[in-house]
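For reference, the structure discussed in these notes is given below.
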Amino acid sequence: MPITQEAILSALSRIIEPDLKKDIVELDLVRDVTVDENTIHVHVEVSNPAMHSRKRMEEAVVFNLQQALGKEVKVVANVTPLSGERGNLRKVLPEVKYIVAVASGKGGVGKSTITANLAVGLAKLGWKVGLVDADIHGPSMPIMFDTVHERPTTIEKNGKRWIVPVESHGVKLLSIGFFADPSQAIAWRGPMASKALEQLFKDADWGELDIMLVDLPPGTSDIHLSLVQAVPLTGAIMVSTPQPVALADARKGVGFFQLPSVNVPVLGIVENMAWFTPAELPNNKYFIFGQGGARALAGELNVPLLGEVPLVQSIREAGDVGRPAVLQDSTLVSTAFTDLCRAVQARLEEVVHAKAPASHA
């Protein structure tokens, strides 16, 4: 078959955009097509900005064009996320620019503390921030944001009832903890928990956000897989402490997001409890859990170390009273979290604006 614009668009019309459920030609997602001798250059947009989504679209473009026009045809596919007004075509969280999962290989490393301070810190820097507490069996965000006794309201829009997130410290917040008795354990099987979590994303009126953070349960489970399938993740952050037992699990956590079936960019690793500094000796550092473990792991896995957060009593106390430590005047604490926020901002820009591969081997 001759390589014409009509033949190219006909082949591309067989590709269905997974979130929007229509073909990419009908949706006007084919932004540019050029033919240079026996090479077709195609620029396509997708609604899900995550790397795994762009890679699958790239593979679909190459497969369909070569199937229609011949295996000898070379295809160079450039796949980018929808931007600007066109970004609103995305059905799931259409007005959220970045969606970032915060995970840990094991419990007890301070993942929720990091998430809460990251959310409030980004809000302090002027970002519109949302936070979903997806730790189904141990939701802690209502305590950390002093919203234990608050309950989300609902609003009707276009004939549908939407959950309105609770707001605290400049962050829009939803947690499974809002819908359960705080004194009772939440004993849900995987499918029930996944369905409940999905509602926090798809049935809530989040509005326009620069970033949504998702505080995941420790380890890897049905919740993690369901999240990857239901929500267009921009990337994931792994939280660990310096000691080997935590780092071993963090390595597995990074490996989960790098699985071909998951393929979510790992923005980097955060080392929590990096050292202990007593209030009476603010210039002293005691590496009670070991030194530089997360930095070494980040180097080994070729992912950035986003920050090192000290073990300071005021961080724990602030979380317990619902006022995240990033709001403190303490230079040591506020600097550590502000530096982390800026590192995450820079890394997001780097990942989202990274160019798709220019050629295929």
Exercise. Strictly by modelled atom types, are Tyr286 and Gln291 linked by a side-chain donor-acceptor pair under 3.5 Å?
Worked result: no
Exercise. Charged N to carboxylate O below 4.0 Å: is that the case for Arg323 and Asp146?
Worked result: no
Problem set entry | Under 3.5 Å side-chain donor-acceptor pair for Ser112 and Ser140 | yes
For this session: Classify the side-chain pair Thr241/Glu271 by whether it contains a donor and acceptor separated by less than 3.5 Å.
Result: no
Exercise. Charged N to carboxylate O below 4.0 Å: is that the case for Asp203 and Arg161?
Worked result: no
For this session: Look up atom CG in Leu93 and atom CZ in Phe201, then write down how far apart they are to the nearest 0.5 Å.
Result: 7.0 Å
For this session: Quick one: pull up CD1 in Ile163 and CG in Leu200 and give me the separation to the nearest 0.5 Å.
Result: 6.0 Å
Exercise. Thinking salt bridges, do Arg56 and Glu59 make one under a 4.0 Å N-O criterion?
Worked result: no
Problem set entry | Asp23 with Arg14: basic N within carboxylate O range, under 4.0 Å | no
Problem set entry | Glu308/Arg295 ion pair, N-O < 4.0 Å | yes
Exercise. Could you give the distance from CG (Leu340) to CD1 (Ile114), rounded to the nearest 0.5 Å?
Worked result: 6.5 Å
For this session: Using side chain to side chain contact (heavy atoms under 4.5 Å, CB included) as the criterion, list what pairs up with Lys106, not counting sequence neighbours.
Result: Val109, Ala246, Asp249
